[in-house]
There are 2 protein chains.
Amino acid sequence: MTEEDRKTWQAVQDEVRRCISQRIWKPGELIPHEAELAQQFGCARATVNRALRGLAEAGLLDRRRKAGTRVTLNPVRRAEFSIPVIREEIEGKGQRYDYKIFLREMRVPPPDVQARLQLSGGISILYLQTLYTADNLPYAFETRWINSNAVPDVLSADFRSLSPNEWLVREVPFDGGDFTVSALTATEKEAGVLGCSQGASLLALDRTTQHDGQIITSVRLAFHPGYRMHTRL
Amino acid sequence: MTEEDRKTWQAVQDEVRRCISQRIWKPGELIPHEAELAQQFGCARATVNRALRGLAEAGLLDRRRKAGTRVTLNPVRRAEFSIPVIREEIEGKGQRYDYKIFLREMRVPPPDVQARLQLSGGISILYLQTLYTADNLPYAFETRWINSNAVPDVLSADFRSLSPNEWLVREVPFDGGDFTVSALTATEKEAGVLGCSQGASLLALDRTTQHDGQIITSVRLAFHPGYRMHTRL
DNA sequence: CATGAAATTATGTATGCACATAATAGACAT
DNA sequence: ATGTCTATTATGTGCATACATAATTTCATG
């Protein structure tokens, strides 16, 4: 190989990526160690380290001290989706975004939601049902529980110009949560609101959001039929 | 602040993360520049850079030369899923993995698949239908098109001990593709194979895989009802 | 031969320095 | 005011060096 022109870490990364994808270095195989690559590429070891670290994070390489670096045998393929911020998603398509709050009341959540929010029984919290529309067509139906004990300000929030989702994003910091994608069969309620037939297949996103140990909100978004989540690998 | 004990980049990152999540540094706000933080934390600027770079990649910080670093206003929340390798997924739950190939023939793909595979019309390629089972219960139904012109070896592959998916992962390198999640309504065929009622809602993953400019395969996985994709944020 | 201590080795992290690059801010001229 | 050039500044990258850490290999010892 003996390259002569000095390489930036990006160039090194590209070459290494090429060696992997063309199977010059085969899955499971040990690749030259950093010092050697540094010499081949005519750069410092730190530069090679920078390049390889990135590939390891991406799951293409397995690195272990002393053992060396090898091409991942069965690369865990990961897909990264950006979680939709509905207003941006709709406006990004050049459509008119709007929403309508159907329901807003204090209510004792059912047991499964209680568990998700780590609440003890009998406590009533804020419950909201919101329909998002794109060009006045139903886009997604949101059912949301907000732990109003953890976020008392929410009770006096005005959701007329800012949806509950955006209000929370703006007012409440968060540091964790979880996220589930599933397919659900439209109930009568969902069918009516989304303007589809009862029994239609809808993509559903369930999400909880937490901050400082407390679970702030639990939300389900049921999208109109035909909605897709897409990403490149 | 004036910390006295020297910090590793991870410790710096944790502290910065804390400042963000506790809104000591508010969304949109400019944070101290690297040199200043380095002094505060008692470490080199490179160490601070390492810490902040990671947070920027994670989407918590926006960094621009000269302009400085600020807390992301509307952090694009990203969810990362590991794409299921069905055998591992099933065996990981302690269940018995198996699969059965229903169909394996050369066939001219319909127009939409032709487009996805960037094929010109009239060319027939390999088409496969496979059912994956967990403890003998239907788990997912796979319909797959393989560009057998790009991968001629596939025609002589023996799929008895290795599923088409795993055969491809092992034999054909890849460097890109795309990935779509949607909800579908079970057709009569899918219902029959998966043992659910026709019209049931199923989670579907559509995926294409490419290598060196060519599209290698296009596959749809329809999961049994109740299947979920889950991740932590 | 088994066992565990010690040498070896590849990656991981930290530092100080230098220079590159992008973007702003300010000076200046039209 | 408006546009253009220039200086300034924060981040981005690279290098040489040093030491830390984890894991393997070697080797002495019972």
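Lettering of chains follows the sequences in order, A, B, ..., and the numbering in each one begins at 1.
Here the C1' atom of nucleotide C/dT13 and the CD atom of B/Q13 are 14 Å apart, to the nearest Å. Taking atom CG of B/L61 as the reference point, atom C1' of D/dT11 lies 13 Å away to the nearest angstrom. Counting to the nearest Å, the P atom of D/dA22 and the NE2 atom of A/H33 are 21 Å from each other. Following rounding to the nearest Å, A/L30 (CG) and C/dT11 (P) show an atom-to-atom distance of 8 Å. As a whole-Å value, the separation of B/R63 CZ from C/dT21 P is 18 Å. Per the geometry, CZ belonging to B/R53 stands 8 Å off P belonging to D/dG12, to the nearest Å. With rounding to whole Å, A/D62 atom CG is found 18 Å from C/dA10 atom P. In this structure, B/E34 atom CD and C/dT21 atom C1' are separated by 14 Å, rounded to whole Å.
Applying the 4.0 Å criterion to OP1 and OP2 of D/dG14, one finds that A/T8 has a side-chain N or O inside that range. An OP1 or OP2 oxygen of D/dT11 is reached within less than 4.0 angstrom by a side-chain nitrogen or oxygen of B/T69. Contact annotation: A/N49 side-chain N/O to C/dG12 OP1/OP2 distance is under 4.0 Å.
For B/A46, the side-chain atoms get nearest to C/dT15 when compared with the rest of C/dT15, C/dT13, C/dT11. Among the nucleotides D/dT13, C/dT13, C/dA23, the one closest to the side chain of B/R64 is C/dA23. Distance from the side chain of B/A44 is smallest for C/dG16 among the nucleotides D/dC15, C/dG16, D/dT24. Looking at the side chain of B/R65, the nearest of the listed nucleotides C/dA22, C/dT24, C/dA10 is C/dA22.
Heavy-atom nearest nucleotides on DNA chain D were determined for A/A67 and for A/W9, and the one closer to the 5' end corresponds to A/W9. Nearest-nucleotide positions on DNA chain D place A/R45 closer to the 5' end than the other of A/K66 and A/R45.
Listed by chain and residue number, nothing satisfies the salt bridge (charged side-chain N to carboxylate O under 4.0 Å, His left out) test with A/R77 (two or more places apart in sequence, or in another chain).
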Just do the ring pair (Phe, Tyr, Trp, His ring centres under 6.0 Å) check on B/Y139 and B/H224 with the steps written out, would you?
CA-CA 5 Å; B/Y139 191 83; B/H224 71 280; 5.2 Å; yes

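Between the side chains of A/R144 and A/T217, at least one donor N or O sits under 3.5 Å from an acceptor N or O.
Rounding to the nearest 0.5 Å gives a distance of 8.0 Å between CG of A/L168 and OG1 of A/T209.
Within a 6.0 Å radius of CZ in B/R170, no more than 12 heavy atoms belonging to other residues, nucleotides or ligands are found.
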